[in-house]
Amino acid sequence: MLKSHSCGDLSNAHIGSQVTLAGWIHRRRDHGGLAFIDLRDSTGIVQVVFDPQHTRGPEELTHSLRNEYVVQVVGDVVARPAGTENPKIPTGAIEVSVTKVEVLNDCPTPPFYINEDVEVDENLTLKYRYLYLRRPSVHSNMVLRHRMVKGIRDFLDRERFLEIETPILIKSTPEGARDYLVPSRVNPGKFYALPQSPQQLKQILMVAGMERYFQIARCFRDEDLRADRQPEFTQLDLEMSFADEEDILDLIERMMVELMSVLRPDAKFSQPFPRLHYADAMSMYGTDKPDLRYGLTISDIGDIAGQTSFGIFHSALESGGVVRGICVPGCAGYSKHQLSDLINRATAAGARGLVTLSVVDADNFEDGIKSVLAKHVGFDQMRSLLARFEAQDGDLILIVADTEQTTCKVLDILRREMAGRLHMADSNIFSYAFVLGFPLLDWNHEAKRWDSMHHPFTAPRADDVTLLDSDPARVRGRHYDLVCNGHELGSGSVRIHQRQLQQTVFSLLGYSDSAIEERFGYFLQAIEYGAPPHAGIALGIDRMAMLFGGQESIREVIAFPKNQNAVDLMLDSPSAVDSAQLDELNLSLKRQLIDRT
RNA sequence: GGCCCCAUGGUGUAGCGGUCUAACAUGCCACCCUGUCACGGUGGAGAUCGGGGGUUCGAAUCCCCCUGGGGUCGCCA
């Protein structure tokens, strides 16, 4: 090794010993004669001192050192002179008095600061990823992620889970997300698909008697990107035989609690994790992944709205819709401009409109309530309305009258928007919750068929199996989600383990018998051979690391992420390939693409 | 595909129709400086304001189009 010690490891215990360090120049403070340099390696930062009386070699060399040069220094660890200790850094009690320095490599002026956490154009952080990752704060995200994954492995190992790899080149199944396809050279005209998740393989591992499987699995979905979505991402995928809902939820809760104690001992969370029924989540928060760090819950005022003379309410209710709203504290003073901004957000999200009601003085309905609603609502109705929202003077009530689906969506957006403006989400709180009671199926209006809410392998509740034929909408699935602070961290279910039931569900989803055989024949055959009852879950590793690290995007916890157009700016991928490569794969590009590339 | 936001020296920002031959901080270069730690001091180089078109006597500033980026809805079994 070119170094005997690491920068961050040095302490009082090393005083008096000679050390050789190697690292990057983090910052320099050059006094002309005497010069200080903060030397950084992956363990931390230590101050090294160049004193012309002690340091050998040409003095010009000392003063020619620049940020991010890679240097090796030999020196003595000494206590800092009294009064010059730096309590701000862990190694601040000591310093290294340099006797010899060698430049191992120089470095051009970096395109952005490495020694400061100034936000910088994300393009640059992606293109020069190796420099961005040098930032101590970003480096610490990688350390945190490593410790998290290690914690998961240690925990599951103690719980007698086996880590088993499954193939990356698998079979395309057009349902669900779009697949990434890989052409086969050996089998012309045929394609592998990259796994959207190892779902079927892990269930087959249960059939294979592994009983407890997990994998830190890379998954691929060719869909549009978001702050918390990349085309390739990592899941903690696990499956457990002879288990039901409670076993999985208990396991996951214990694991998350353990991770919290290791990674975020400072943070607050409730235990046991609250459980939320899907229907309640939708009616109270408008979403199945609510941020529970703040209230702003949705109230239904359909009964009151029906008594008013407000036409919009009546038409919404008559066409089977709902009238619901949220009460935002302290925003009654919103200007016309601010209110119209909120209305724009509501209409942009698909609502036909948004009724705002500024509660200036709740005791004075004449001019204490500012709203288009005022003249359509009687005294009693206004009183019950304010009571329903528990409105105080100074509050702003936002009401949407629309289909249930649109109302939920819009109020969810407004709820998060207002909570953000009012800084209601405490970053030191982790509001975990399990969401249960999802319907098994979801009616797809466009395709006019049933879709799986989760996936087709989710077991229906035993009491609801008979409804599969008569009333599929009412069938409840044995599906559960783990949510935290408005993010879906994971999703799982008790699986179907009997061929007949699995086949019934496939049929219900609109697959013909021949399609079932072609796509899932191997799978149905597998579960026929004594599949044990089993259940599992998959948790988003990137999202977990993002939350633990207090980041707002998973790109901050992924070493080499892609931008919103799924482009890797460092590698410049995807890229065109040589026509010889295409030939070998028996592929050709469409004419218009050839012209463009 | 829709909607919203952004684009000014290397980096981060200011600028709100003329006073912009574009300001500030930091970084960079040179010189000075032996106890700093976001070291300090003096001097200097560095952007024609993402690209194109338009409005105007006059555009970094207003409008349109394009490009790039971010957020989001759709999409994500």
Side-chain angles (χ1 to χ4, degrees), chain A residues 26-38 45-55 59 62-63 66-68 80-89 91-92 95 97 108-128 131 173-179 196-197 199-200 219-231 233 341 344-345 347-351 406 409-410 412-413 416-417 420 440-442 444 446 450-458 477 479 488 491 493 505-506 509 519 538 540 552-553 555 563-565 567 569:
Chain A
H26 189 67
R27 204 184 287 281
R28 63 206 159 85
R29 292 175 293 282
D30 188 343
H31 291 223
L34 189 70
F36 300 94
I37 278 178
D38 291 337
I45 289 170
V46 70
Q47 171 165 287
V48 300
V49 187
F50 295 80
D51 185 331
Q53 290 173 349
H54 298 115
T55 307
E59 207 179 318
T62 300
H63 302 298
R66 292 293 179 268
N67 284 351
E68 300 308 316
R80 292 199 188 187
T84 67
E85 301 88 351
N86 184 359
K88 283 186 267 182
I89 61 171
T91 59
E95 62 192 12
S97 181
T109 304
F112 51 83
Y113 298 109
I114 289 161
N115 54 19
E116 278 180 52
D117 273 334
V118 178
E119 270 199 54
V120 56
D121 184 350
E122 205 169 5
N123 277 340
L124 289 172
T125 73
L126 293 169
K127 182 170 182 197
Y128 298 95
L131 297 180
T173 52
E175 57 284 338
R178 244 173 252 113
D179 281 325
Q196 296 178 24
S197 87
Q199 181 62 35
Q200 291 168 56
C219 304
F220 306 85
R221 292 179 191 172
D222 186 5
E223 296 294 346
D224 288 353
L225 286 74
R226 290 284 187 281
D228 62 357
R229 258 162 47 188
Q230 284 270 306
F233 60 99
D341 170 63
N344 286 341
R345 285 171 191 274
T347 52
T406 301
K409 179 178 147 190
V410 172
D412 169 41
I413 288 171
R416 284 184 284 134
E417 171 68 25
L440 183 73
L441 302 162
D442 191 26
N444 183 330
E446 274 174 33
W450 292 103
D451 281 344
S452 291
M453 192 83 177
H454 182 43
H455 59 48
F457 313 106
T458 301
H479 166 197
E488 181 195 307
S491 201
S493 61
V505 170
F506 281 143
L509 294 172
R519 286 181 193 167
E552 298 201 335
S553 162
R555 294 188 291 261
N563 74 5
Q564 198 165 63
N565 292 319
V567 169
L569 291 171

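Nothing here was measured: the structure is a model prediction, and the numbers come from that model. Keep in mind that the numbers below use all heavy atoms, side chains included, and drop hydrogens, waters and symmetry copies. Lettering of chains follows the sequences in order, A, B, ..., and the numbering in each one begins at 1.
Using a 4.0 Å heavy-atom distance criterion, Gly32(A) is classed as a base contact. Contact annotation for Glu59(A): no contact, since no heavy-atom pair falls under 4.0 Å across all strands. Using a 4.0 Å heavy-atom cutoff across all strands shown, Thr84(A) reaches at least one base atom of the nucleic acid. Among the heavy atoms of the strands, none lies under 4.0 Å from Leu509(A). Using a 4.0 Å heavy-atom criterion, one finds that Pro81(A) contacts the bases of the nucleic acid, with or without backbone contacts as well.
Base pairing analysis places C75(B) opposite nothing; no Watson-Crick or G-U wobble pair with both distances below 3.5 Å involves it. Base pairing of G40(B) is made with C32(B), judged by Watson-Crick or G-U wobble geometry with both donor-acceptor distances under 3.5 Å. Pairing partner, C24(B): G12(B), with both Watson-Crick or wobble hydrogen-bond distances short of 3.5 Å.
Between C39(B) and Arg29(A), a contact under 4.0 Å exists linking OP1 or OP2 to a side-chain N or O.
The aromatic ring of His31(A) is stacked on the base of C39(B), with the two ring centres less than 5.5 Å apart and the planes inclined by under 30°. In this structure, Phe36(A) forms an aromatic stack with the base of U36(B), since both conditions hold: centre separation below 5.5 Å and plane angle below 30°.
Judged purely by atom type and a 3.5 angstrom limit, Arg80(A) uses its side chain to pair as donor or acceptor with the backbone of Gly92(A). Judged by distance alone, the side chain of Asn86(A) and the main-chain N or O of Lys88(A) form a donor-acceptor pair under 3.5 Å.
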Identify all pairs in which a protein N or O lies below 3.5 Å from an N or O of nucleotides 27-32 of chain B, and state each distance.
from	atom 1	to	atom 2	distance (Å)
C28(B)	OP1	Arg28(A)	NH2	3.3
C29(B)	OP1	Arg66(A)	NE	3.1
C29(B)	OP2	Arg66(A)	NE	3.4

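Shown here are the ring-ring contact (aromatic ring centres under 6.0 Å, His included) partners of His31(A), two or more places apart in sequence or in another chain: Phe36(A).
Of the candidate nucleotides G35(B), C37(B), A38(B), G35(B) has the atom lying nearest to any side-chain atom of Glu95(A).
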Heavy-atom protein contacts under 4.0 Å, nucleotides 66-76 of chain B, coded B base, S sugar-phosphate only, - none: --SSBBSBBBB
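For Phe112(A), the CZ atom counts as densely surrounded, since its 6.0 Å shell holds more than 12 non-hydrogen atoms of other residues, nucleotides or ligands.
If you take CD of Glu119(A) and P of A7(B), they are 14 Å apart, rounded to a whole angstrom.
If you find the closest nucleotide of RNA chain B to Ser197(A) and to Gln53(A), the one lying nearer the 5' end belongs to Gln53(A).
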